[in-house]
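For reference, the structure is listed below as structure tokens.
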There are 2 protein chains.
Amino acid sequence: MSRISLFIVDDHQIIIDGLKGLFGPLEDFIICGEANDIESATNGILNLKPDIALVDIRMPNGTEGLKLLQWVVKNKLDTKVVLLSMHHDVRIIQDAKNWGAKGYLLKNTGKDELFHALRFIVDGGVYFYEAQEEKHQQEIVFTPKELEVIRLIVEGYSSSEISQKLSISDETVKVHRRNIRNKTGTTNTVELINKLVELGFPY
Amino acid sequence: MSRISLFIVDDHQIIIDGLKGLFGPLEDFIICGEANDIESATNGILNLKPDIALVDIRMPNGTEGLKLLQWVVKNKLDTKVVLLSMHHDVRIIQDAKNWGAKGYLLKNTGKDELFHALRFIVDGGVYFYEAQEEKHQQEIVFTPKELEVIRLIVEGYSSSEISQKLSISDETVKVHRRNIRNKTGTTNTVELINKLVELGFPY
DNA sequence: ATATATATACCTACTAATGGGTATCTTTTG
DNA sequence: CAAAAGATACCCATTAGTAGGTATATATAT
């Protein structure tokens, strides 16, 4: 049986180098390529046809890891995409599952769990990190419309701008903002943004 | 000559594992310990007396790496502290230099530069990353008062709260805010925060 | 089917923020 | 010394955000 070929995509070179060091001593893995951005990644994956692409979700321009995932799926490539993230983000995990990712791992995952997950995925499994009921802070659930509003708030748009983009009244936007503040226990937009970061939201 | 002992502090286990993999094959380095938080780090450094502590600046509660640096310096330990960061942040680099750090490296530094820097530091040098005149966006310089105001803005305080904390008029705070917005080319607080993140500011 | 959740939109009232202006005082720099 | 930069504080006007209310329609779930 041939070695499992890995392609690593991360904008932080030190993580790529670190993963190389991690996988170097292993008999059953080989890192066949790497990329620091999406364009290089698509080229590399097309040419090298790796078994697995290990992709950092958060890159300079938002969740580009998801875009790469979508590209792989749309092009019907055999490469299995495994996403790496700093945070446990239920929404992104759901998106990733829906788009056909084979795994979602946190960057503070230990190497043994990483190896286990990748071998499991190559054998046809999927491996998604699930928070183990750390319900000391009960999960905040936003409605779909609230999520749309949140994404525009964090971009810096005002309520009237958001109302235009969503084709609703600015009064409605204000209601959504109020509900979002109440759900998050915050009293102004900056506090809200800090809370969202704390929840691992913007990545 | 004995091997250079390294102690790694990072809240992301995968980076620790990655660095272990990186240094594993090297004859002249040995990783003698690791920690995911400040308390474990102080214990480990006290007991193991490593030559170098490689410390992630940004941890869950702000720039804790700087706190660890200060602790090492205040306790007059022989361990040399080298800071790792995601961003090139002139203010933090200056703080780090003032507090006696021996180095400041970006996480997207390649492994060869990392090795070179650490050997250089062990030999008595210092190694601070300097942006190589990427003056396509000219550096934004904030006055000391503006920096105080910025740090309170990003915490979520209103102008009147900031005025109380700084014992100045809220009208003066508004002036500082206006000047800060003008310097950064932003028109509201959320845009400002996004700009600051882009500049690598809050870490 | 009735209750719940979601989305919509309005109301009032108040506070905060933004974008201008002028002016004074101090410190630093040439 | 004169000029520039920094910090202070006020003026004006307008927009934006916060905090509460009611109300309606629709879809979802018990």
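Throughout, a chain's letter reflects where its sequence line sits, starting with A, and its residues are numbered from 1. These numbers come from the heavy atoms of this one structure, side chains and all, not from hydrogens, waters or symmetry mates.
Annotation: proximity of residues 177-188 of chain A to DNA chain C (heavy atom, distance under 4.0 Å) is found for no residue.
Of the candidate nucleotides D:dA16, C:dT18, C:dC11, C:dC11 has the atom nearest to the side chain of A:Glu171. Out of D:dG6, D:dC10, D:dT8, the shortest distance to the side chain of B:Thr143 is found at D:dG6.
Shown here is B:Asp78, whose CG atom has no more than 12 heavy atoms of other residues, nucleotides or ligands within 6.0 Å.
Residue B:Lys145 contributes atom NZ, which lies 10 Å from atom C1' of D:dT8 at whole-angstrom precision. Atom-to-atom, CG of A:Leu192 to C1' of D:dG17 comes out at 13 Å; the value is rounded to the nearest Å. Atom CZ in B:Phe142 sits about 16 Å away from atom C1' in D:dA5, given to the nearest Å. As a whole-Å value, the separation of B:His176 NE2 from C:dG19 P is 17 Å. Residue B:Ile153 contributes atom CD1, which lies 15 Å from atom P of C:dA16 at whole-angstrom precision. The interatomic distance linking A:Leu166 (CG) with C:dA9 (P) rounds to 11 Å, in whole Å. Regarding B:Lys174, its NZ atom lies at a distance of 16 Å from the P atom of D:dT15, rounded to whole Å. If you measure from atom CD1 of B:Ile162 to atom C1' of D:dA7, you get 16 Å, rounded to the nearest angstrom.
A 3.5 Å limit on both hydrogen-bonding distances identifies C:dA1 as the Watson-Crick or G-U partner of D:dT30.
Remark: A:Thr172 is in phosphate contact with C:dA9, judged by side-chain N or O atoms under 4.0 Å from OP1 or OP2. OP1 or OP2 of C:dT18 lies within a sub-4.0 Å distance of a side-chain N or O belonging to B:Thr189.
Ion pairing between a basic and an acidic side chain is recognised when a charged N comes within 4.0 Å of a carboxylate O; A:Glu191 and A:Arg181 show no such pairing. Salt-bridge formation is not detected for the pair B:Lys165/B:Glu148: no Lys NZ or Arg NE/NH1/NH2 atom is positioned less than 4.0 Å from an Asp or Glu carboxylate oxygen. Ion pairing between B:Arg119 and B:Asp28 holds under the 4.0 Å rule for side-chain N and carboxylate O. Between B:Arg3 and B:Asp51, none of the side-chain N atoms (NZ, or NE/NH1/NH2) sits under 4.0 Å from a carboxylate O, so this pair counts as no salt bridge.
Within 4.0 Å of A:Ser169, counting heavy atoms only, lie sugar-phosphate atoms of the nucleic acid but no base atom. At a threshold of 4.0 angstrom between heavy atoms, the contacts of B:Ser158 are confined to the sugar-phosphate backbone, with no base atom among them.
Looking at which nucleotide of DNA chain D each of B:Val141 and B:Ser167 is closest to, the 5′-most match is held by B:Val141.
Within the 4.5 Å cutoff, the side chain of A:Thr79 has no heavy atoms near those of the A:Phe7 side chain. Under the 4.5 Å side-chain criterion, counting only non-hydrogen atoms from C-beta, B:Leu54 is in contact with B:Leu118.
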